[in-house]
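Right, one structure below, let's go through it.
Everything numeric in this text was worked out from a predicted model, so none of it was measured.
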Amino acid sequence: MRLGLALGYWGRGPSPAHLDLATEAERLGYDSVWTAEAWGSDAFTPLTWIAAHTSRIRLGTAIAQMAARTPTATAMHALTLDHLSGGRMMLGLGLSGPQVVEGWYGRPFPASPLTATREYVDVVRQVLRREAPVTLDGRFHSHPYRGADGTGIGKPLKPITHPLRADLPLLLGAEGPKNIAQTTRIADGWLPLYWSPTRTDVYRASLTDLPDGFMIAPMARAHVCDDVAEGLLPVKAMLGFYIGGMGHAARNFHADLMGRMGYEAEARRVQELFLAGRRQEAVLAVPDAFADEISLVGPRERIAERLEPWRKGPVTDLLVTAPDPHTLRVLAELNG
């Protein structure tokens, strides 16, 4: 199991620790570093900054939101950074949800998410292969554009710049069973949001007949500390925000996933509290047991014991969000 560093997206402003953590992760032998985006900082610019200050560690987006860019624009970002970094880029994509797509990006959430994802990946792959001009008679992505409001003179094009790698790795963030199953067929890897090494049966039906080299790369908070309950608070804060705030009361993919993992009543309670404006209560309502099983928190000996199920399961890459270099170093030592 390889280790990666997941830096996420910025809060109020850029974190002065991110570059130091990325360079330390490279020094410790971590395989990859990943950035994200929500509705603030973008995923590609910080990753480019990190690329300029490193030489070996692979660079991934986990995730770049499909609604933020056309698939050709995303492919341009990926092929450009792949060239600048000497072939270290990995493109992680996700649809996000209706609240973000319609509220932030001002466009409709696709009526058929699986079709929209499949078309998006198809266009990105065509750009990276550069075998012919990009063409797709799609429901959501048409090349050339054929809408009634177009001019009708659009021309199929292929990128001026020759991509460095036609097989640049493409991963998808997917939560629903059908979406995960499709990911195994059209992508090079999967970026689970929550992963419990003791509940892999939740995903078993979607992960049959995996292709060789397919990446399963979940994110997990890691923190070497003495007080487990205190160490779990950032995990619970993240869960409270995603389960309560990253979606509508009637349509929240994160809450649905928590329910499939055995915490349906608890997920709905977190939602109710968060949407009622009782955010601190929502965080505290997240079960410690759930936060604990999807993270690696506590003294070194406890983390060593709890790391083993991660290593023995199907996970190929563990992407850790770690607040300090000491935690990164301990995980590197424990993972061998």
Side-chain angles (χ1 to χ4, degrees), residues 1-4 6 34 62-63 92-97 113-114 117-118 171-222 228 232 235-236 238-240 242-244 246-247 251-271 285-298 302-321 331 334-335:
M1 185 180 71
R2 297 176 294 251
L3 291 178
W34 303 74
I63 58 170
L93 298 170
L95 272 178
S96 190
L114 269 69
T117 299
R118 190 165 58 250
L171 300 87
L172 293 173
E175 294 180 42
K178 292 181 180 179
N179 202 352
I180 297 169
Q182 175 176 267
T183 296
T184 67
R185 298 191 298 271
I186 67 173
D188 303 301
W190 172 44
L191 295 159
L193 181 60
Y194 313 139
W195 179 275
S196 170
T198 62
R199 296 179 191 266
T200 56
D201 56 302
V202 172
Y203 303 112
R204 184 173 294 123
S206 302
L207 296 175
T208 57
D209 300 322
L210 293 179
D212 291 341
F214 188 83
M215 295 173 63
I216 298 178
M219 286 180 245
R221 169 81 174 186
V228 174
L232 287 175
V235 184
K236 295 177 65 166
M238 176 274 293
L239 289 168
Y242 273 73
I243 294 160
M246 279 281 207
R251 194 171 188 186
N252 185 310
F253 303 137
H254 311 304
D256 293 344
L257 175 57
M258 184 176 170
R260 289 196 297 275
M261 296 180 76
Y263 295 91
E264 183 172 1
E266 294 87 342
R268 300 308 166 197
R269 180 57 178 161
V270 171
Q271 266 193 306
V286 174
D288 282 5
F290 181 56
D292 199 21
E293 68 182 83
I294 65 170
S295 60
L296 291 162
V297 171
R302 186 177 194 267
I303 290 178
E305 178 182 349
R306 297 175 69 84
L307 184 63
E308 283 309 300
W310 292 83
R311 289 164 53 87
K312 293 178 180 177
V315 170
T316 62
D317 297 77
L318 174 58
L319 313 185
V320 298
T321 61
L331 279 173
L334 294 176
N335 196 49

inquiry  = Whether the side chain of Q271 engages the backbone of A255 through a donor-acceptor N/O pair (distance < 3.5 Å, no angle test) should be reported.
reply    = no
ask   = Which residue pairs pass the side chain to side chain donor-acceptor pair (under 3.5 Å) test when at least one of the two sits in residues 286-295, sequence neighbours left out?
value = S196-E293, R199-E293, K236-D288, Y263-E293, D292-R302, D292-R306
ask   = According to the side chain to side chain donor-acceptor pair (under 3.5 Å) rule, which pairs have a member within residues 207-218, sequence neighbours left out?
value = none
note = Here the gap from L307 atom CG to L318 atom CG, rounded to the nearest 0.5 Å, amounts to 7.0 Å
Partners passing salt bridge (Lys or Arg N to Asp or Glu O under 4.0 Å) against E308 (at least two apart in sequence or in another chain) = R311
message = With heavy-atom distances below 4.5 Å as the criterion, would you say the side chains of E266 and V286 are in contact?
response = no
inquiry  = Under the rule for side-chain contact (heavy atoms from CB on, under 4.5 Å), what residues qualify as partners of P309, not counting sequence neighbours?
reply    = P197
Minimum side-chain heavy-atom gap N335-W310 below 4.5 Å = no
message = According to salt bridge (Lys or Arg N to Asp or Glu O under 4.0 Å), who are the partners of R221, at least two apart in sequence or on a separate chain?
response = none
ask   = I243 and side chain to side chain contact (heavy atoms under 4.5 Å, CB included): which partner among R269, M238, M258?
value = M258
message = Whether the side chain of W190 engages the backbone of A174 through a donor-acceptor N/O pair (distance < 3.5 Å, no angle test) should be reported.
response = yes
query = Taking only residues at least two apart or on different chains, which pairs with a member in residues 171-190 satisfy salt bridge (Lys or Arg N to Asp or Glu O under 4.0 Å)?
reply = R125-D188
